[in-house]
Amino acid sequence: MKFTCLSKGGNFYFPPCHIITVSGFRILLDCPLDLSSLMIFSPIPTHAFSTPELPTPDSVDPKRQKHERPIDSNELIRAQPWFKTVTSLHLWNVPFIDVVLISSPMGMLGLPFFSRVNGFRAKIYVTEVTARIGQLMMEDLVLMNREFRQFYGCEESGLPQWMNWEKLDLLPSLFREIVLGEDGAELGGWMPLYSADDVKGCMQKVHTLKYAQEVCYNGTLIIEAVSSGLEIGTCNWTINGPKRNIACLSSSIFNSSHAMNFDYHALQGNDLIIYSDLSSPVLEDVKDNSYYSAPTSQNSSTLSADNDQEASAELLLSTSESLEEMEKLNFICSCIIDSVKAGGSVLIPIGRLGIILQLLELISLSLEASSLKVPIFIISSVAEELLAFTNIIPEWLCKQRQEKLFSGEPFFAHAQLIKEKKLHVFPAVHSPNLLKIWQEPCIVFSPHWSLRLGPVVHLLRRWRGDENSLLIMEEGVDAGLALLPFKPMAMKVLQCSFLSGIKLQKVQPLLKILQPKFVLFPEDLRQLVSYSDTNSPAFFYYCENETLRVPSLKNSSELEIAADSVSLIHCRRLTEESLGIGRLKGEFSVTHGKHQLRSGSEQADSSQSRPPLLHWGSLDLERLLAVLEKMGIRGSVEQGNSNTDSENAGVVHVYEPNKALIEVRENSTIISASNESLSSLIFEAVDGILSGL
């Protein structure tokens, strides 16, 4: 098996991307977009909007600013944005990719770029919920990008001006690194956004699955999606082949307050685990040393000596993480209440569906407890359909949400809030009905978290000068760069981190329960997770754009033979090898990853009655000559080169009863005779000397 990490990702919004080759098939794991790179572009200028704007500061002389730091908003690229894909993926021949596995909606956003390529034939597998949410996110991205197309006009043919080397040299070093990458090789990954037709064509090639539903690819690979707990519909993948079983472990959460929990039991019994959870909040915990410190040798030995899987499971299923997340959400709600009490509005451009659904519930309770009548708006072209969709997928939710189905309660509070007119959903900031009921202060959820696209740009320009207003962002997003076009900012900014994957102290207990033979692990985490157990799996550490070869535990494949065919096998034991070899006729097939040999429509009476088709061993010419003489065939032995081949060959010349020639080469023996009966007699003599079947 070969494994190549094309991108280790960056955060929740930019998951890792890998390619694995197993059983001769190439499998692409996720196809994301790096949407954080949009921050090098300037939002559409103020005069393009019809929404009233606050006064903007005087512009800065670009010649003077060129030599100053920090970076000024005038240095942002003023052009229609291009989008950064996984650059290394463009180096692969897309038509040669056989399977695409999508783990989350974020891992799906780059897919239309490749599904529209001529010759693309891969089977795309994704869960039903991820497919729908991913489609809505892509359609929303296309609609938000339409504002840029309307403002800047038709796209230029070829590369835009800002991608010329002369222009790139003038960019700040931070921008050049985002555009070109650390090694200067990522310029080829930038592309103009796909169209709505591209999204539609991509979705037509998608094959949807439920959790635990198996699908067989090409009769060889058994592929299954299991819940990861990260978001509604997100999953990990298992791939079972003839020679190995693989579990692809992406960002996962053991206890979720909205999605079905991480089903780690379904990953047990796999030979190989590909660990690709590099979620930034987890790494930030290590950097800050607030939640986790790298394990010492003493801690490692203690964990290694503990063989009690129940203790490991208890650690994995601890509710402390859920309580921490709830404390964060409650703190956010308290900050929101403080802002609206002071007369300020709140803007929330977070892109996580689960966090949005939970915040809606908690904010409404906080407003009610504070006797505040403040409207809550969701402004997004797909919000109405997305919220409605979450009310019809109980089997994809956590148990606490599923239990509400039997008590007659809605799974989430937004349905009741809309009914009570406490929550208002609109497709755009300029919707006529929105303008009729608009009032401030208010609380607004709107895309996009990059602060370059969508309604958030309009609203942020409106409230940036209000010191009582509040902007809520996620950690992991470069706030300084994101807010650059909106400075000076009097508006308060609250950055929050949310659980995005497996915390490092849970990696060892998880692997102890899963018990793989091999683990593919990120090089970035090598020093942070030590594993000193003598029974620990073999670790292979991977970096970006390096291909690893993982050995197989099985040197051969198992073959199922029909019972009525077994009795027909007559084996010959090889003298030099401790094995037997037999000959059998049947119909060979590969079904659901299993090799099978069924009885053919015609079976020979006995393998002993058939002439051997294969011989092995070294042919002794003197012995052959002696056997031929007993059969009345006379000849002589000659050592030398064959006339038909340059390799050395032993030659037997037969001159009685008729002429014949026997050439004995290293890998073959050729009999040339004047008549068929003589050649049959010579073949019989050779068959008597050599082993065959």
Side-chain angles (χ1 to χ4, degrees), residues 1-5 16 18-30 98-99 101 103 125 209 211-228 235-252 262-277 303-304 307 309 312-313 316 502 506-523 525-526 529 531-542 546-560 590-596:
M1 188 200 96
K2 297 180 182 179
F3 172 87
T4 305
C5 174
H18 310 301
I19 279 188
I20 63 175
T21 303
V22 57
S23 299
F25 303 110
R26 284 182 179 173
I27 303 176
L28 173 64
L29 300 176
D30 287 317
D98 301 291
V99 178
L101 302 180
S103 304
Y125 295 111
L209 302 174
Y211 285 148
Q213 177 184 349
E214 291 184 349
V215 63
C216 183
Y217 176 77
N218 203 37
T220 304
L221 302 178
I222 306 298
I223 299 172
E224 181 181 355
V226 296
S227 174
S228 68
C235 70
N236 295 310
W237 292 97
T238 62
I239 306 169
N240 296 332
K243 292 189 177 181
R244 70 170 71 247
N245 301 327
I246 304 170
C248 305
L249 181 55
S250 59
S251 298
S252 304
F262 173 26
D263 184 9
Y264 62 91
H265 292 291
L267 304 182
Q268 288 179 296
N270 289 284
D271 306 325
L272 170 68
I273 288 182
I274 301 174
Y275 187 94
S276 60
D277 186 348
L303 283 171
S304 302
N307 295 319
Q309 290 199 0
S312 298
L316 297 180
I502 303 171
K506 292 189 174 184
V507 173
Q508 292 182 20
L510 176 61
L511 294 178
K512 184 181 297 184
I513 291 177
L514 300 184
Q515 296 184 333
K517 302 297 189 300
F518 301 109
V519 178
L520 286 178
F521 210 68
E523 178 66 35
L525 303 182
R526 181 199 283 260
V529 178
Y531 207 113
S532 58
D533 193 342
T534 55
N535 297 322
S536 65
F539 278 75
F540 295 84
Y541 296 94
Y542 64 84
E546 291 184 3
T547 298
L548 293 179
R549 294 178 180 268
V550 183
S552 174
L553 292 174
K554 303 176 183 177
N555 294 324
S556 58
S557 300
E558 296 180 355
L559 175 66
E560 296 182 0
V590 181
T591 306
H592 283 77
K594 296 181 179 179
H595 295 81
Q596 298 176 332

remark   = By side-chain hydrogen bond (donor to acceptor under 3.5 Å, both in side chains), Thr21 pairs with (sequence neighbours left out) none
The single option from Val22, Ile27, Val215, Leu28 passing side chain to side chain contact (heavy atoms under 4.5 Å, CB included) against Val99 = Ile27
request  = Rounded to the nearest 0.5 Å, what's the gap from CD1 on Ile20 to CG on Leu272? Could you check?
outcome  = 8.0 Å
key: Under 3.5 Å side-chain donor-acceptor pair for Ser250 and Ser276   = no
Interatomic spacing from OH in Tyr275 to CD1 in Ile502 - rounded to 0.5 Å = 4.5 Å
inquiry  = Using the ring-ring contact (aromatic ring centres under 6.0 Å, His included) criterion, which residues pair with Tyr542? Sequence neighbours excluded.
reply    = Phe3, His18
query = Are any of the side-chain heavy atoms of Phe521 and Val507 separated by less than 4.5 Å?
reply = yes
key: ring-ring contact (aromatic ring centres under 6.0 Å, His included) against Tyr211, all qualifying residues, sequence neighbours excluded   = Trp396
request  = Check the pair Met1 / Ile239 against side-chain contact (heavy atoms from CB on, under 4.5 Å), numbers first and verdict last.
outcome  = CA-CA 12 Å; Met1 188 200 96; Ile239 306 169; over 6 Å; no
ask   = Is there side-chain contact between Asn236 and Cys248, with at least one heavy-atom pair below 4.5 Å?
value = no
Check: Phe540 and Pro551 side chains under 4.5 Å, non-hydrogen atoms = yes
message = One pair to check against side-chain contact (heavy atoms from CB on, under 4.5 Å): Thr4 and Lys2. What are the steps and the verdict?
response = CA-CA 7 Å; Thr4 305; Lys2 297 180 182 179; 5.6 Å; no
ask   = Less than 4.5 Å apart, any side-chain heavy atom of Pro242 and any of Ser23?
value = yes
inquiry  = Whether the Thr238 and Asn270 side chains hold a donor-acceptor pair (N or O, under 3.5 Å, no angle test) is what I'd like checked.
reply    = no
